Colleague: 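Shown below is the structure under consideration.
Numbered from 1 within each chain, the chains take letters A, B, ... in sequence-line order. Quantities reported herein were computed from a predicted structural model and do not represent experimental measurements. Reckoned from all heavy atoms, side chains included, excluding hydrogens, waters and symmetry mates.
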Amino acid sequence: MSSRLHIYNTLTKQIEEFQPAEPPFVGMYLCGPTVYGDPHLGHSRGAVMMDVLFRYLQHLDYKVRYVRNITDVGHLLNDADEGEDKIGKIAKANKLEPMEVAQQYTNAYHHALQKMNVLPPSIEPRASGHILEQIEMIQEIISNGFAYESNGSVYFDVLQYAESNNYGKLSGRKLEDLIAGAGEERRTLEGQEEKKNLNDFALWKKATPEHIMKWNSPWSEGFPGWHIECSAMSGKYLGKQFDIHAGGMDLLFPHHESEIAQSTACNHTTPAKYWMHNNMITINGQKMAKSLNNGVLIEELFAGNHHLLEQAYSPMTLRFFLLQAHYRSTLDFSNEALQGSEKGCERLLNASAKTETLPIANISDINVHEWADKLYAQMNDDLATPQVIATLFEAAKWINEIAAKKMKITSEDRTKLHATFHTFIFDILGLVSEDQGNNDALDGVMNLMLDIRKTAKENKDWTTADKIRDGLKAAGVEVMDGKEGSTYKLS
RNA sequence: GGUCGGAUGGCCGAGUGGCUAGGCUCAGCUCUGCAAAAGCUGCUACACCGGUUCGAAUCCGGUUCCGACCUCCA
């Protein structure tokens, strides 16, 4: 528990106090998606985690530049698709421009995140728009003696680098193990024979004839290697050294390890001070993966049209579900768990709507300041959002008790409770009430229906009252009777 | 095979050497014409076997099981 933000740094394997290099400025980078498919649940986790960090840092008055890239070039497929650009492959099948495909999936990613109330980053660079920067970086690495050209491609010389640097310092791998592990299970990537060593990775790949997305370079017409784009773009917009670099745990090796190697070989410095990694989403205990046929697209979750889903789940349900687990733990996905989040999220938001109208008294049965301090301490403890949510539920309980006049609160405490509750739920956790209705015509119709039903109830005409209620339910509108009249929501 | 992580109540998930997170489900209750919604109350778990300790789910050792990475991946 601390009054200052602490985050877990994968580089040091411990929780450290967050100290930006040049306060109040903070530079943070998240490895965004490769846009060769619709966004799946996994994409949402890193985006939401960084969104909460982004929001919290801003709440703490930092001036944050948040860079989240779009990878629209260069990822190689293996197996049957050897050497072919993923985006290029799909484009040919659909007879679309490669950039059209990339744009389509980029849009899909944006839409999904927008629904989840994820703030747009400060800068969202595309790899295809930074070919020049990548080429320049490769040239610098070559001239520093850490890369070599081979048959039109350029490879990073891991062994050369390891002589003076620690290749493996992020992932905890030892080069001997990597070499030793290159045994029977290792698959053969295209162009392996061009490398001096199997652990060398591509900085630039010469394009095969069927390759669509390719650019001129000093070495060949080709495309950049997978890792170099993030190094080039983070360097361009955040500087050679910046504060936070994040991504999924599956990117730890080789992607981030290689990023560190490249940047160090180029700039003689480790690019980021803090490395953060979110864990995977699992389903029945296994990582979601296309190859396991258990991947769920974000839009499928929202629409409920996936064979593993019993119903549709709202964007806020997903956001709340993600936040209920710590970002460094795996999160197991199931209908039961999602339904739990749906109800819980609703309960919390219901309570939040009552804070301003709570009856006041001249004493308080609760210690609002202690409660607020606890929230900050929990956020500061490596973004312990599950605990923050638990603490918010404490207040939700108070709010309900106060509303039922079983507890008391002073006016001053109520103001503080309201402000803090809202700050955490809406500004920091980024939840938002999913207002149904907000359609004037529907509101008008519903108010009329509810008014007719009210009259019927007053006349004890239960037949009419129930007919309206049941009929509306069949039409997808749920009527909820309360002490102060009836309300409705779309179901 | 190598490296690393995890096993918590019906479900999801926090966490700490002693003061039994939280949500959901379930049960009871309040409210209600009935129901739903909403609210309240209840439900004492930490894989197994040893050890350290006054005390361990939390520390140490071992066992079993699961997962991640090593190859594109959020």
Colleague: Looking at A:E478 and A:R469, is any side-chain nitrogen of the basic one under 4.0 Å from a carboxylate oxygen of the acidic one?
Modeller: no
Colleague: Is the Lys NZ or Arg CZ of A:R328 less than 6.0 Å from the centre of A:Y8's six-membered ring, within 45° of the axis?
Modeller: yes
Colleague: Would you mind reporting whether A:N400 and A:R347 have side-chain heavy atoms less than 4.5 Å apart?
Modeller: yes
Colleague: For the P atoms, the ones on B:rU25 and on B:rG17, what distance do you get once it is rounded to whole angstrom?
Modeller: 32 Å
Colleague: Using the C1' atoms only, state how far B:rG67 lies from B:rG55, rounded to an integer number of Å.
Modeller: 33 Å
Colleague: Could you tell me which residues satisfy ring pair (Phe, Tyr, Trp, His ring centres under 6.0 Å) with A:H277, sequence neighbours excluded, listed by chain and number?
Modeller: A:H256
Colleague: Students often get this wrong, so: under 4.0 angstrom with heavy atoms, is A:M49 touching a base, only sugar-phosphate, or nothing?
Modeller: nothing
Colleague: I'd like the P distance from B:rC46 over to B:rC59, given in whole Å.
Modeller: 16 Å
Colleague: In the strands shown, is B:rG1 matched to any nucleotide by a Watson-Crick or G-U wobble pair with both distances under 3.5 Å, and which?
Modeller: B:rC70
Colleague: Using the C1' atoms only, state how far B:rG61 lies from B:rC24, rounded to an integer number of Å.
Modeller: 38 Å
Colleague: Rounded to whole angstrom units, what separation is found between the CG atom of A:L375 and the P atom of B:rA21?
Modeller: 18 Å
Colleague: Looking at A:D365 and A:K408, is any side-chain nitrogen of the basic one under 4.0 Å from a carboxylate oxygen of the acidic one?
Modeller: no
Colleague: Any strand counts, and the cut-off is 3.5 Å on both contacts for Watson-Crick or G-U wobble. Which nucleotide pairs with B:rA57?
Modeller: none
Colleague: Give A:L251 one of three labels, base, sugar-phosphate or nothing, depending on what nucleic acid heavy atoms sit under 4.0 Å from its own.
Modeller: sugar-phosphate
Colleague: Which base, if any, makes a Watson-Crick or G-U wobble pair with B:rA27, both distances under 3.5 Å?
Modeller: B:rU41
Colleague: Answer whether the closest heavy-atom distance between the side chains of A:M449 and A:V477 falls below 4.5 Å.
Modeller: no
Colleague: Base, sugar-phosphate or nothing for A:G248? Non-hydrogen atoms, less than 4.0 Å.
Modeller: sugar-phosphate
Colleague: With C1' as the reference atom in both, quote the distance from B:rC43 to B:rG23 in angstrom, rounded to an integer.
Modeller: 15 Å
Colleague: Sugar-phosphate atoms are those with a prime plus P, OP1 and OP2; base atoms are the rest. Using that split, label each nucleotide of nucleotides 8-19 of chain B B, S or - for protein heavy atoms under 4.0 Å, 5' to 3'.
Modeller: ---SSSSS----
Colleague: Using atom CE of A:M249 as one end and atom P of B:rA68 as the other, report the distance to the nearest whole Å.
Modeller: 13 Å
Colleague: Considering only atom C1', compute the distance from B:rU8 to B:rA57 and round it to an integer number of Å.
Modeller: 8 Å
Colleague: Fit a plane to each ring of A:W275 and A:H245, take the angle between them on a 0 to 90° scale, and name the class: parallel (under 30°), tilted (30 to 60°) or perpendicular (over 60°).
Modeller: parallel
Colleague: Can you tell me the pairing partner of B:rA21 across any strand shown, Watson-Crick or G-U wobble, with both distances under 3.5 angstrom?
Modeller: none
Colleague: Reading nucleotides 30-42 of chain B from the 5' end, what letters show protein touch, with B for base, S for backbone sugar-phosphate only, - for no heavy atom under 4.0 Å?
Modeller: ---BBBBB-SSS-
Colleague: Classify the nucleic acid contact of A:M280 as base, sugar-phosphate or nothing, counting any heavy atom under 4.0 Å across all strands shown.
Modeller: base
Colleague: What is the distance, to the nearest angstrom, from the CD atom on A:Q14 to the P atom on B:rG5?
Modeller: 14 Å
Colleague: Charged N to carboxylate O below 4.0 Å: is that the case for A:E299 and A:K115?
Modeller: yes
Colleague: Please report, rounded to the nearest Å, how far the P atom of B:rA74 is from the CD1 atom of A:I281.
Modeller: 12 Å
Colleague: What's the verdict on side chain to side chain donor-acceptor pair (under 3.5 Å) for A:N279 and A:T330, showing C-alpha distance, side-chain angles and the deciding distance?
Modeller: CA-CA 5 Å; A:N279 215 318; A:T330 55; 5.3 Å; no
Colleague: Rounded to the nearest Å, what distance is computed from the CD atom of residue A:Q339 to the P atom of nucleotide B:rC26?
Modeller: 10 Å
Colleague: Indicate yes or no: does A:D461 engage A:K467 in a salt bridge with an N to O separation below 4.0 Å.
Modeller: no
Colleague: Nearest whole angstrom, please: distance from the C1' of B:rC24 to the OH of A:Y313.
Modeller: 12 Å
Colleague: My understanding is that a pair needs two contacts under 3.5 Å, Watson-Crick or G-U wobble. By that rule, which nucleotide pairs with B:rC65?
Modeller: B:rG6
Colleague: Between the side chains of A:S314 and A:T317, is a donor N or O closer than 3.5 angstrom to an acceptor N or O?
Modeller: yes
Colleague: Could you give the distance separating B:rC65 and B:rA14 at their P atoms, to the nearest angstrom?
Modeller: 25 Å
Colleague: Write down the distance between CG (A:D38) and P (B:rA74), rounded to a whole number of angstrom.
Modeller: 13 Å
Colleague: Measure CZ/A:F201 against P/B:rC70 and give the value in whole Å, please.
Modeller: 15 Å
Colleague: Between A:C345 and A:K13, name the one whose nearest nucleotide on RNA chain B is closer to the 5' end.
Modeller: A:K13
Colleague: Considering only atom C1', compute the distance from B:rG6 to B:rG42 and round it to an integer number of Å.
Modeller: 32 Å
